Amino acid sequence: MLPAPFLNTMAALLTIAIFSFLYKDNPFYKFAEYLFVGIAAGYIVALEYHNVIVPNLWRPLVGGDLNLLVPFVLGVLLFSRFTSGFGWLSRWAIGLMVGTFSGLAIIGFAQGDLVAQVQANMLPLKTETLLGTFSNWVIFIGLLSSLVYFFFSKEHKGALGASAKLGIWFLMVSFGASYGFTVMSRFSLLIGRLLFLLVDWPASFGLHWLH
Amino acid sequence: MEKIDRRYIFLAILLLVLVPLLVPIGLPIRVSREVQSGYDAVAEIPDGSTAYFAADYDPATMPELHPMALAALDQLFSKNCKVIGACLWPAGPPLLEDALRRIGEERYGKKYGVDFVNLGYKPGNEVAMVSVGRSIRATFPTDFYGTPVESLEVMRGAASLTDMAILVNISAGYPGTKEWVQQVQSRYHVTMVAGCTAVSTPEYYPYFQSGQLSGLIGGMAGAAEYEKLVGKLGTATRGMDAQSLGHLAIIAFIVLGNVLYFATKKKAP
(Lines give C-alpha, C1' and ligand atoms only; values in the text may rest on other atoms or scores of the structure.)
Protein backbone atom coordinates (compact mmCIF):
# COMPACT_ATOMS: atom_id res chain seq x y z
CA MET A 1 0.00 0.00 0.00
CA LEU A 2 1.38 3.41 -0.98
CA PRO A 3 1.73 6.03 1.78
CA ALA A 4 -1.26 8.37 2.35
CA PRO A 5 0.65 11.63 1.67
CA PHE A 6 1.67 10.31 -1.77
CA LEU A 7 -1.85 9.08 -2.62
CA ASN A 8 -3.47 12.32 -1.43
CA THR A 9 -0.97 14.41 -3.37
CA MET A 10 -1.80 12.42 -6.51
CA ALA A 11 -5.51 12.97 -5.86
CA ALA A 12 -4.99 16.69 -5.24
CA LEU A 13 -2.95 17.18 -8.42
CA LEU A 14 -5.54 15.27 -10.47
CA THR A 15 -8.34 17.38 -8.95
CA ILE A 16 -6.50 20.56 -9.91
CA ALA A 17 -5.87 19.12 -13.40
CA ILE A 18 -9.61 18.51 -13.85
CA PHE A 19 -10.51 21.96 -12.49
CA SER A 20 -8.07 23.53 -14.98
CA PHE A 21 -10.63 22.80 -17.71
CA LEU A 22 -12.70 25.69 -16.35
CA TYR A 23 -9.96 28.02 -17.60
CA LYS A 24 -9.55 26.22 -20.91
CA ASP A 25 -8.94 22.76 -22.36
CA ASN A 26 -5.35 21.67 -21.75
CA PRO A 27 -3.05 18.59 -21.71
CA PHE A 28 -3.24 18.22 -17.89
CA TYR A 29 -7.02 17.91 -18.06
CA LYS A 30 -6.75 15.41 -20.92
CA PHE A 31 -4.18 13.35 -18.98
CA ALA A 32 -6.42 13.20 -15.88
CA GLU A 33 -9.45 12.29 -17.98
CA TYR A 34 -7.71 9.44 -19.84
CA LEU A 35 -6.11 8.17 -16.64
CA PHE A 36 -9.52 8.00 -14.98
CA VAL A 37 -11.12 6.11 -17.88
CA GLY A 38 -8.28 3.58 -18.00
CA ILE A 39 -8.18 2.96 -14.25
CA ALA A 40 -11.99 2.70 -14.04
CA ALA A 41 -12.03 0.04 -16.78
CA GLY A 42 -9.28 -1.99 -15.09
CA TYR A 43 -10.94 -1.66 -11.69
CA ILE A 44 -14.29 -2.95 -13.01
CA VAL A 45 -12.66 -6.01 -14.62
CA ALA A 46 -10.74 -6.91 -11.45
CA LEU A 47 -13.77 -6.30 -9.22
CA GLU A 48 -16.11 -8.38 -11.38
CA TYR A 49 -13.60 -11.24 -11.39
CA HIS A 50 -12.91 -11.29 -7.62
CA ASN A 51 -16.37 -10.28 -6.36
CA VAL A 52 -18.63 -12.00 -8.87
CA ILE A 53 -17.13 -14.63 -11.17
CA VAL A 54 -15.06 -16.44 -8.52
CA PRO A 55 -17.52 -16.51 -5.54
CA ASN A 56 -20.84 -16.67 -7.44
CA LEU A 57 -19.89 -18.88 -10.38
CA TRP A 58 -16.51 -20.60 -10.33
CA ARG A 59 -16.29 -21.84 -6.71
CA PRO A 60 -19.87 -23.29 -6.57
CA LEU A 61 -19.40 -24.77 -10.05
CA VAL A 62 -16.21 -26.65 -9.21
CA GLY A 63 -17.86 -27.52 -5.91
CA GLY A 64 -20.45 -29.55 -7.82
CA ASP A 65 -23.38 -27.15 -8.42
CA LEU A 66 -23.92 -28.08 -12.07
CA ASN A 67 -26.99 -25.81 -12.38
CA LEU A 68 -24.53 -22.98 -12.77
CA LEU A 69 -23.44 -24.42 -16.11
CA VAL A 70 -26.50 -22.67 -17.61
CA PRO A 71 -25.46 -19.10 -16.67
CA PHE A 72 -21.83 -20.03 -17.42
CA VAL A 73 -22.70 -21.12 -20.98
CA LEU A 74 -24.98 -18.10 -21.47
CA GLY A 75 -22.19 -15.84 -20.28
CA VAL A 76 -19.73 -17.42 -22.69
CA LEU A 77 -22.26 -17.00 -25.51
CA LEU A 78 -22.13 -13.21 -25.01
CA PHE A 79 -18.56 -13.30 -26.33
CA SER A 80 -19.77 -14.78 -29.61
CA ARG A 81 -20.53 -11.19 -30.66
CA PHE A 82 -16.84 -10.88 -31.46
CA THR A 83 -17.17 -13.47 -34.23
CA SER A 84 -18.97 -12.78 -37.50
CA GLY A 85 -20.37 -16.30 -38.00
CA PHE A 86 -21.68 -17.04 -34.47
CA GLY A 87 -22.62 -13.56 -33.29
CA TRP A 88 -26.32 -14.49 -33.29
CA LEU A 89 -25.73 -16.87 -30.38
CA SER A 90 -25.27 -13.90 -28.04
CA ARG A 91 -28.90 -12.97 -28.62
CA TRP A 92 -30.05 -15.86 -26.42
CA ALA A 93 -28.26 -14.46 -23.40
CA ILE A 94 -29.29 -10.89 -24.23
CA GLY A 95 -32.90 -12.04 -24.72
CA LEU A 96 -32.89 -13.67 -21.29
CA MET A 97 -31.52 -10.52 -19.68
CA VAL A 98 -33.99 -8.22 -21.45
CA GLY A 99 -36.89 -10.50 -20.53
CA THR A 100 -35.86 -10.75 -16.87
CA PHE A 101 -35.32 -7.02 -16.47
CA SER A 102 -38.58 -6.17 -18.28
CA GLY A 103 -40.53 -8.54 -16.06
CA LEU A 104 -38.97 -7.19 -12.88
CA ALA A 105 -39.43 -3.58 -13.98
CA ILE A 106 -43.12 -4.11 -14.76
CA ILE A 107 -43.81 -5.89 -11.46
CA GLY A 108 -41.79 -3.30 -9.55
CA PHE A 109 -43.59 -0.40 -11.17
CA ALA A 110 -47.01 -1.95 -10.59
CA GLN A 111 -46.26 -2.76 -6.93
CA GLY A 112 -44.11 0.15 -5.93
CA ASP A 113 -45.45 2.98 -8.03
CA LEU A 114 -48.84 2.45 -9.59
CA VAL A 115 -50.84 0.81 -6.79
CA ALA A 116 -48.97 2.41 -3.88
CA GLN A 117 -49.05 5.92 -5.35
CA VAL A 118 -52.73 5.74 -6.33
CA GLN A 119 -53.50 4.59 -2.78
CA ALA A 120 -51.34 7.35 -1.31
CA ASN A 121 -53.16 10.01 -3.28
CA MET A 122 -56.63 9.02 -2.13
CA LEU A 123 -56.52 11.69 0.53
CA PRO A 124 -59.26 13.09 2.76
CA LEU A 125 -60.11 16.61 1.63
CA LYS A 126 -61.08 17.61 5.14
CA THR A 127 -58.70 16.87 7.98
CA GLU A 128 -58.42 17.87 11.64
CA THR A 129 -55.92 20.63 10.90
CA LEU A 130 -56.22 23.54 8.51
CA LEU A 131 -52.71 22.93 7.17
CA GLY A 132 -53.48 19.25 6.53
CA THR A 133 -56.65 20.15 4.65
CA PHE A 134 -54.81 22.77 2.60
CA SER A 135 -51.93 20.36 1.78
CA ASN A 136 -54.33 17.64 0.64
CA TRP A 137 -56.21 20.09 -1.57
CA VAL A 138 -52.92 21.24 -3.15
CA ILE A 139 -51.95 17.61 -3.87
CA PHE A 140 -55.43 16.82 -5.20
CA ILE A 141 -55.65 19.82 -7.54
CA GLY A 142 -52.00 19.55 -8.58
CA LEU A 143 -52.33 15.86 -9.41
CA LEU A 144 -55.53 16.27 -11.42
CA SER A 145 -54.42 19.34 -13.37
CA SER A 146 -51.00 17.80 -14.14
CA LEU A 147 -52.69 14.64 -15.42
CA VAL A 148 -55.04 16.75 -17.56
CA TYR A 149 -52.01 18.46 -19.14
CA PHE A 150 -50.88 15.06 -20.45
CA PHE A 151 -54.35 14.17 -21.77
CA PHE A 152 -54.07 14.72 -25.52
CA SER A 153 -57.24 13.03 -26.80
CA LYS A 154 -59.19 16.29 -26.67
CA GLU A 155 -58.16 19.83 -27.61
CA HIS A 156 -57.09 21.89 -24.58
CA LYS A 157 -59.92 24.44 -24.69
CA GLY A 158 -62.40 25.77 -22.15
CA ALA A 159 -62.36 24.08 -18.72
CA LEU A 160 -59.94 21.43 -19.98
CA GLY A 161 -57.59 24.11 -21.29
CA ALA A 162 -57.72 26.07 -18.01
CA SER A 163 -57.03 22.92 -16.02
CA ALA A 164 -54.11 22.02 -18.33
CA LYS A 165 -52.72 25.54 -17.89
CA LEU A 166 -52.90 25.14 -14.11
CA GLY A 167 -51.13 21.80 -14.58
CA ILE A 168 -48.29 23.60 -16.36
CA TRP A 169 -47.89 25.88 -13.32
CA PHE A 170 -47.64 22.90 -11.00
CA LEU A 171 -45.13 21.26 -13.33
CA MET A 172 -43.09 24.48 -13.49
CA VAL A 173 -42.94 24.62 -9.69
CA SER A 174 -41.71 21.02 -9.61
CA PHE A 175 -39.08 21.80 -12.29
CA GLY A 176 -37.97 24.78 -10.21
CA ALA A 177 -37.60 22.59 -7.13
CA SER A 178 -35.63 20.05 -9.17
CA TYR A 179 -33.36 22.83 -10.44
CA GLY A 180 -32.75 24.06 -6.89
CA PHE A 181 -31.85 20.55 -5.74
CA THR A 182 -29.55 20.14 -8.78
CA VAL A 183 -27.72 23.33 -7.86
CA MET A 184 -27.28 21.95 -4.33
CA SER A 185 -25.80 18.73 -5.73
CA ARG A 186 -23.32 20.55 -7.95
CA PHE A 187 -22.22 22.87 -5.16
CA SER A 188 -21.78 19.87 -2.89
CA LEU A 189 -19.30 18.37 -5.34
CA LEU A 190 -17.30 21.61 -5.46
CA ILE A 191 -17.38 21.93 -1.67
CA GLY A 192 -16.25 18.31 -1.30
CA ARG A 193 -13.24 18.82 -3.54
CA LEU A 194 -12.31 22.13 -1.90
CA LEU A 195 -12.52 20.55 1.56
CA PHE A 196 -10.23 17.78 0.31
CA LEU A 197 -7.70 20.33 -0.99
CA LEU A 198 -7.91 22.50 2.13
CA VAL A 199 -8.28 19.92 4.90
CA ASP A 200 -7.60 16.29 3.96
CA TRP A 201 -4.58 16.84 1.72
CA PRO A 202 -2.62 18.98 4.23
CA ALA A 203 -3.76 16.67 7.04
CA SER A 204 -2.01 13.74 5.38
CA PHE A 205 1.26 15.66 5.99
CA GLY A 206 0.26 16.33 9.60
CA LEU A 207 -0.78 19.90 8.78
CA HIS A 208 -4.09 20.76 10.49
CA TRP A 209 -4.26 24.45 9.69
CA LEU A 210 -8.03 24.67 9.18
CA HIS A 211 -10.34 23.78 12.07
CA MET B 1 -24.02 40.68 -21.08
CA GLU B 2 -23.63 37.91 -23.69
CA LYS B 3 -20.03 39.01 -24.20
CA ILE B 4 -19.04 38.52 -20.57
CA ASP B 5 -16.39 35.84 -20.13
CA ARG B 6 -18.03 33.00 -18.19
CA ARG B 7 -14.79 32.40 -16.34
CA TYR B 8 -15.58 35.49 -14.23
CA ILE B 9 -18.72 33.68 -13.06
CA PHE B 10 -16.64 30.57 -12.23
CA LEU B 11 -14.24 32.77 -10.26
CA ALA B 12 -17.08 34.48 -8.35
CA ILE B 13 -18.60 31.11 -7.46
CA LEU B 14 -15.20 29.76 -6.36
CA LEU B 15 -14.63 32.72 -4.05
CA LEU B 16 -18.15 32.56 -2.62
CA VAL B 17 -17.70 28.88 -1.80
CA LEU B 18 -14.09 29.18 -0.61
CA VAL B 19 -14.47 32.07 1.83
CA PRO B 20 -17.09 30.46 4.15
CA LEU B 21 -15.00 27.27 4.20
CA LEU B 22 -12.03 29.30 5.49
CA VAL B 23 -14.11 31.59 7.73
CA PRO B 24 -17.30 29.74 8.81
CA ILE B 25 -20.37 31.90 9.37
CA GLY B 26 -22.37 29.29 11.31
CA LEU B 27 -25.74 29.74 9.65
CA PRO B 28 -28.48 27.84 11.53
CA ILE B 29 -29.54 24.37 10.33
CA ARG B 30 -33.23 23.49 10.77
CA VAL B 31 -34.15 19.79 10.80
CA SER B 32 -36.81 18.96 8.20
CA ARG B 33 -39.71 16.55 8.71
CA GLU B 34 -38.24 14.03 6.22
CA VAL B 35 -34.89 13.79 8.01
CA GLN B 36 -36.48 13.77 11.47
CA SER B 37 -38.72 10.87 10.36
CA GLY B 38 -35.67 8.95 9.12
CA TYR B 39 -33.86 9.50 12.41
CA ASP B 40 -36.97 8.44 14.35
CA ALA B 41 -37.39 5.29 12.22
CA VAL B 42 -33.84 4.19 13.06
CA ALA B 43 -34.34 5.17 16.71
CA GLU B 44 -37.45 2.98 16.92
CA ILE B 45 -35.80 -0.31 15.89
CA PRO B 46 -34.84 -2.53 18.87
CA ASP B 47 -31.33 -2.08 20.26
CA GLY B 48 -29.00 -4.81 19.04
CA SER B 49 -31.09 -5.68 15.99
CA THR B 50 -29.62 -6.12 12.50
CA ALA B 51 -29.74 -3.49 9.76
CA TYR B 52 -29.06 -3.88 6.05
CA PHE B 53 -26.98 -0.97 4.81
CA ALA B 54 -27.15 -0.61 1.02
CA ALA B 55 -24.36 1.79 0.06
CA ASP B 56 -25.17 2.43 -3.59
CA TYR B 57 -22.85 5.31 -4.38
CA ASP B 58 -19.36 6.07 -5.61
CA PRO B 59 -16.68 8.76 -5.14
CA ALA B 60 -18.46 11.13 -7.57
CA THR B 61 -21.23 11.72 -5.02
CA MET B 62 -19.12 11.29 -1.90
CA PRO B 63 -19.42 14.90 -0.60
CA GLU B 64 -23.18 14.56 -0.39
CA LEU B 65 -23.64 10.93 0.53
CA HIS B 66 -20.65 9.90 2.64
CA PRO B 67 -21.53 12.29 5.51
CA MET B 68 -25.07 10.89 5.72
CA ALA B 69 -23.70 7.32 5.58
CA LEU B 70 -21.40 8.14 8.50
CA ALA B 71 -24.24 9.77 10.46
CA ALA B 72 -26.65 6.88 9.85
CA LEU B 73 -24.00 4.32 10.85
CA ASP B 74 -23.25 6.36 13.95
CA GLN B 75 -26.89 6.13 15.00
CA LEU B 76 -27.02 2.38 14.26
CA PHE B 77 -23.81 1.55 16.13
CA SER B 78 -24.84 3.74 19.07
CA LYS B 79 -27.82 1.36 19.41
CA ASN B 80 -25.47 -1.64 19.26
CA CYS B 81 -27.08 -2.70 16.00
CA LYS B 82 -25.33 -5.18 13.74
CA VAL B 83 -24.75 -3.81 10.25
CA ILE B 84 -24.68 -5.83 7.04
CA GLY B 85 -23.34 -3.54 4.35
CA ALA B 86 -23.34 -4.18 0.61
CA CYS B 87 -23.11 -2.27 -2.66
CA LEU B 88 -24.69 -2.40 -6.09
CA TRP B 89 -22.31 0.25 -7.39
CA PRO B 90 -18.86 -1.06 -8.37
CA ALA B 91 -16.89 1.75 -6.75
CA GLY B 92 -18.94 1.57 -3.54
CA PRO B 93 -17.16 -1.11 -1.45
CA PRO B 94 -14.07 0.98 -0.49
CA LEU B 95 -16.36 3.83 0.62
CA LEU B 96 -18.53 1.46 2.65
CA GLU B 97 -15.39 -0.03 4.17
CA ASP B 98 -14.16 3.44 5.15
CA ALA B 99 -17.51 4.33 6.73
CA LEU B 100 -17.83 1.04 8.65
CA ARG B 101 -14.24 1.14 9.94
CA ARG B 102 -14.31 4.83 10.90
CA ILE B 103 -17.59 4.67 12.77
CA GLY B 104 -17.93 1.03 13.79
CA GLU B 105 -14.36 0.13 14.62
CA GLU B 106 -12.70 3.42 15.56
CA ARG B 107 -15.60 5.28 17.22
CA TYR B 108 -17.58 2.43 18.81
CA GLY B 109 -14.98 -0.36 19.07
CA LYS B 110 -17.08 -2.80 17.02
CA LYS B 111 -15.48 -5.85 15.41
CA TYR B 112 -15.51 -6.80 11.75
CA GLY B 113 -17.38 -10.06 11.18
CA VAL B 114 -19.00 -9.89 14.60
CA ASP B 115 -20.79 -6.53 14.61
CA PHE B 116 -20.53 -5.51 10.98
CA VAL B 117 -19.57 -6.82 7.57
CA ASN B 118 -18.86 -5.41 4.13
CA LEU B 119 -20.29 -7.84 1.58
CA GLY B 120 -18.81 -5.92 -1.33
CA TYR B 121 -20.30 -5.42 -4.77
CA LYS B 122 -22.73 -7.40 -6.88
CA PRO B 123 -23.95 -6.56 -10.38
CA GLY B 124 -27.49 -7.23 -11.59
CA ASN B 125 -29.30 -4.16 -10.23
CA GLU B 126 -32.97 -5.15 -9.70
CA VAL B 127 -32.12 -8.87 -10.03
CA ALA B 128 -29.55 -8.55 -7.23
CA MET B 129 -32.08 -6.68 -5.05
CA VAL B 130 -34.74 -9.35 -5.43
CA SER B 131 -32.09 -11.99 -4.79
CA VAL B 132 -31.02 -10.24 -1.54
CA GLY B 133 -34.69 -10.12 -0.58
CA ARG B 134 -34.80 -13.91 -0.82
CA SER B 135 -31.35 -14.86 0.41
CA ILE B 136 -28.41 -12.66 1.36
CA ARG B 137 -26.02 -15.63 1.50
CA ALA B 138 -26.92 -16.89 -1.98
CA THR B 139 -26.34 -13.42 -3.41
CA PHE B 140 -23.18 -12.72 -1.43
CA PRO B 141 -21.49 -16.10 -0.77
CA THR B 142 -18.34 -14.24 0.31
CA ASP B 143 -17.63 -10.84 1.80
CA PHE B 144 -15.48 -8.06 0.31
CA TYR B 145 -12.31 -9.94 1.36
CA GLY B 146 -13.41 -13.28 -0.05
CA THR B 147 -14.29 -14.80 3.34
CA PRO B 148 -17.27 -17.20 3.17
CA VAL B 149 -20.18 -15.45 4.89
CA GLU B 150 -21.26 -18.62 6.78
CA SER B 151 -18.13 -18.26 8.87
CA LEU B 152 -19.04 -14.72 9.99
CA GLU B 153 -20.87 -14.33 13.31
CA VAL B 154 -22.71 -11.22 12.15
CA MET B 155 -24.48 -13.26 9.46
CA ARG B 156 -26.12 -15.67 11.94
CA GLY B 157 -29.86 -15.17 11.81
CA ALA B 158 -29.54 -12.86 8.82
CA ALA B 159 -30.81 -15.05 6.01
CA SER B 160 -32.82 -12.54 4.00
CA LEU B 161 -34.00 -8.94 4.09
CA THR B 162 -37.09 -9.93 6.04
CA ASP B 163 -34.78 -10.69 8.99
CA MET B 164 -33.58 -7.10 9.01
CA ALA B 165 -35.04 -4.52 11.37
CA ILE B 166 -34.46 -1.78 8.82
CA LEU B 167 -33.09 -1.17 5.34
CA VAL B 168 -30.97 1.96 5.05
CA ASN B 169 -30.15 2.89 1.47
CA ILE B 170 -27.66 5.58 0.51
CA SER B 171 -28.29 6.11 -3.16
CA ALA B 172 -26.57 8.06 -5.93
CA GLY B 173 -29.04 7.10 -8.67
CA TYR B 174 -29.63 3.89 -10.60
CA PRO B 175 -29.70 1.32 -9.09
CA GLY B 176 -30.81 2.90 -5.87
CA THR B 177 -33.73 4.11 -3.80
CA LYS B 178 -36.39 3.88 -6.51
CA GLU B 179 -35.49 0.28 -7.31
CA TRP B 180 -35.20 -0.73 -3.64
CA VAL B 181 -38.71 0.65 -3.07
CA GLN B 182 -40.12 -1.03 -6.17
CA GLN B 183 -38.42 -4.41 -5.82
CA VAL B 184 -37.94 -4.88 -2.09
CA GLN B 185 -39.87 -2.45 0.13
CA SER B 186 -43.19 -2.92 -1.68
CA ARG B 187 -42.67 -6.70 -1.85
CA TYR B 188 -41.35 -7.47 1.65
CA HIS B 189 -42.69 -4.38 3.49
CA VAL B 190 -39.36 -3.69 5.17
CA THR B 191 -38.96 -0.39 7.02
CA MET B 192 -36.80 1.68 4.72
CA VAL B 193 -34.92 4.95 5.13
CA ALA B 194 -33.23 6.52 2.12
CA GLY B 195 -30.45 9.03 1.79
CA CYS B 196 -29.93 10.34 -1.72
CA THR B 197 -28.28 13.02 -3.81
CA ALA B 198 -30.08 16.34 -3.97
CA VAL B 199 -30.64 15.88 -7.71
CA SER B 200 -32.74 12.77 -7.14
CA THR B 201 -34.54 13.94 -3.97
CA PRO B 202 -37.65 15.41 -5.70
CA GLU B 203 -38.20 12.07 -7.45
CA TYR B 204 -38.40 10.26 -4.11
CA TYR B 205 -40.72 12.66 -2.26
CA PRO B 206 -43.83 10.73 -3.40
CA TYR B 207 -42.38 7.59 -1.74
CA PHE B 208 -42.02 9.49 1.51
CA GLN B 209 -45.49 11.00 1.24
CA SER B 210 -46.96 7.53 0.63
CA GLY B 211 -45.12 6.07 3.64
CA GLN B 212 -43.06 3.66 1.52
CA LEU B 213 -40.01 5.50 2.78
CA SER B 214 -39.95 6.09 6.52
CA GLY B 215 -37.41 8.86 6.07
CA LEU B 216 -35.72 10.80 3.29
CA ILE B 217 -32.33 12.48 3.65
CA GLY B 218 -31.75 14.71 0.65
CA GLY B 219 -28.32 15.96 -0.36
CA MET B 220 -25.76 17.82 1.71
CA ALA B 221 -28.49 19.77 3.52
CA GLY B 222 -30.18 16.53 4.61
CA ALA B 223 -26.82 15.12 5.69
CA ALA B 224 -26.13 18.23 7.79
CA GLU B 225 -29.54 17.88 9.45
CA TYR B 226 -28.82 14.21 10.23
CA GLU B 227 -25.41 15.14 11.66
CA LYS B 228 -27.18 17.64 13.91
CA LEU B 229 -29.62 14.96 15.10
CA VAL B 230 -26.90 12.42 15.94
CA GLY B 231 -24.86 15.20 17.55
CA LYS B 232 -21.70 14.60 15.51
CA LEU B 233 -21.10 17.57 13.23
CA GLY B 234 -19.10 16.60 10.15
CA THR B 235 -18.23 17.73 6.65
CA ALA B 236 -21.87 18.26 5.61
CA THR B 237 -22.41 20.80 8.40
CA ARG B 238 -19.08 22.40 7.53
CA GLY B 239 -20.15 22.81 3.89
CA MET B 240 -23.57 24.32 4.55
CA ASP B 241 -22.39 27.96 4.83
CA ALA B 242 -20.72 27.66 1.43
CA GLN B 243 -23.81 25.92 0.10
CA SER B 244 -26.08 28.75 1.25
CA LEU B 245 -23.86 31.49 -0.17
CA GLY B 246 -23.54 29.58 -3.43
CA HIS B 247 -27.32 29.39 -3.73
CA LEU B 248 -27.62 33.12 -3.07
CA ALA B 249 -25.12 33.73 -5.87
CA ILE B 250 -27.12 31.58 -8.28
CA ILE B 251 -30.34 33.45 -7.35
CA ALA B 252 -28.54 36.76 -7.93
CA PHE B 253 -27.27 35.56 -11.32
CA ILE B 254 -30.76 34.41 -12.35
CA VAL B 255 -32.33 37.76 -11.33
CA LEU B 256 -29.55 39.72 -13.02
CA GLY B 257 -29.82 37.65 -16.18
CA ASN B 258 -33.58 38.18 -16.36
CA VAL B 259 -33.35 41.93 -15.66
CA LEU B 260 -30.75 42.39 -18.39
CA TYR B 261 -32.72 40.17 -20.78
CA PHE B 262 -35.88 42.25 -20.41
CA ALA B 263 -33.92 45.52 -20.49
CA THR B 264 -32.21 44.63 -23.79
CA LYS B 265 -35.49 43.24 -25.18
CA LYS B 266 -37.20 46.60 -24.58
CA LYS B 267 -34.37 48.49 -26.28
CA ALA B 268 -34.46 46.24 -29.37
CA PRO B 269 -36.34 47.80 -32.33
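Each chain gets a letter, A, B and so on, in the order its sequence line appears, and its residues count up from 1. This structure is a prediction, so every number in the text was calculated from the model and none was measured.
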Side chain from CB out, backbone as N, CA, C, O: work out which of these in [X] comes under 4.5 Å of a heavy atom of chain A, or both, or neither.
{"X": "T201(B)", "value": "side chain"}
{"X": "V130(B)", "value": "side chain"}
{"X": "L65(B)", "value": "neither"}
{"X": "A236(B)", "value": "neither"}

I need the [X] [atom1] to [Y] [atom2] distance, nearest 0.5 Å.
{"X": "F187(A)", "Y": "L16(B)", "atom1": "CZ", "atom2": "CG", "answer": "7.5 Å"}
{"X": "L18(B)", "Y": "L198(A)", "atom1": "CG", "atom2": "CG", "answer": "6.0 Å"}
{"X": "L22(A)", "Y": "I13(B)", "atom1": "CG", "atom2": "CD1", "answer": "11.0 Å"}
{"X": "Q243(B)", "Y": "M184(A)", "atom1": "CD", "atom2": "CE", "answer": "6.0 Å"}
{"X": "N51(A)", "Y": "T142(B)", "atom1": "CG", "atom2": "OG1", "answer": "6.5 Å"}
{"X": "F10(B)", "Y": "L190(A)", "atom1": "CZ", "atom2": "CG", "answer": "11.0 Å"}

Please check if the side chain of Y121(B) supplies one atom and the backbone of E48(A) the other of a donor-acceptor pair under 3.5 Å.
no
Has N56(A) got a side-chain atom pairing as donor or acceptor with T139(B)'s backbone, closer than 3.5 angstrom?
yes
Quick check on L123(A) against chain B: is it the side chain, the backbone, both or neither that has a heavy atom closer than 4.5 Å?
side chain
Side chain, backbone, both or neither: which part of L104(A) has an atom under 4.5 Å from a heavy atom of chain B?
both
Is it true that atom [atom1] of [X] has more than 12 heavy atoms of other residues, nucleotides or ligands lying nearer than 6.0 Å?
{"X": "R81(A)", "atom1": "CZ", "value": "no"}
{"X": "Y145(B)", "atom1": "OH", "value": "yes"}
{"X": "Y8(B)", "atom1": "OH", "value": "no"}
{"X": "F19(A)", "atom1": "CZ", "value": "yes"}
{"X": "R7(B)", "atom1": "CZ", "value": "yes"}
{"X": "F72(A)", "atom1": "CZ", "value": "no"}
{"X": "F36(A)", "atom1": "CZ", "value": "no"}

Side chain proximity check, [X] to [Y], heavy atoms < 4.5 angstrom:
{"X": "T100(A)", "Y": "E126(B)", "answer": "no"}
{"X": "N125(B)", "Y": "F101(A)", "answer": "yes"}
{"X": "I250(B)", "Y": "Y179(A)", "answer": "yes"}
{"X": "I191(A)", "Y": "R238(B)", "answer": "no"}

Most contact-rich option vs chain B, by heavy-atom pairs under 4.5 angstrom, among I44(A), V54(A), V52(A), V115(A), is V52(A)
Using a cut-off of under 4.5 Å on heavy-atom pairs, state which of A110(A), G192(A), G112(A), S188(A) scores highest against chain B.
S188(A)
Do you know the tightest heavy-atom contact between [X] and [Y]?
{"X": "Q209(B)", "Y": "I139(A)", "result": "NE2-CD1, 3.8 Å"}
{"X": "S210(B)", "Y": "A116(A)", "result": "CB-O, 4.4 Å"}
{"X": "G108(A)", "Y": "Q183(B)", "result": "CA-NE2, 3.7 Å"}
{"X": "F181(A)", "Y": "P202(B)", "result": "CD1-CG, 3.4 Å"}
{"X": "G146(B)", "Y": "R59(A)", "result": "O-NH1, 3.9 Å"}

For S185(A) and E64(B), does a side-chain donor sit closer than 3.5 Å to a side-chain acceptor?
yes
Under 3.5 Å, is there a donor on one side chain and an acceptor on the other for Y207(B) and Q117(A)?
no
Relative to chain A, which of [options] shows the most heavy atom pairs under 4.5 Å?
{"options": "P123(B), A242(B), S200(B)", "value": "P123(B)"}
{"options": "A221(B), P90(B), G239(B)", "value": "P90(B)"}
{"options": "G219(B), A223(B), G218(B), P206(B)", "value": "P206(B)"}

Kindly indicate, with the supporting measurements, whether the criterion side chain to side chain contact (heavy atoms under 4.5 Å, CB included) is fulfilled by M97(A) and V127(B).
CA-CA 10 Å; M97(A) 284 195 285; V127(B) 179; over 6 Å; no
Could you tell me which residues in residues 91-98 of chain B have at least one non-hydrogen atom under 4.5 Å from a non-hydrogen atom of chain A, sorted by residue number?
A91(B), P93(B), P94(B)
Verify side chain to side chain contact (heavy atoms under 4.5 Å, CB included) between Q182(B) and I107(A), making sure each step is shown before the conclusion.
CA-CA 8 Å; Q182(B) 289 183 338; I107(A) 292 170; over 6 Å; no
Test side chain to side chain contact (heavy atoms under 4.5 Å, CB included) on M62(B) and L189(A) and set out the steps.
CA-CA 8 Å; M62(B) 211 176 154; L189(A) 302 185; over 6 Å; no
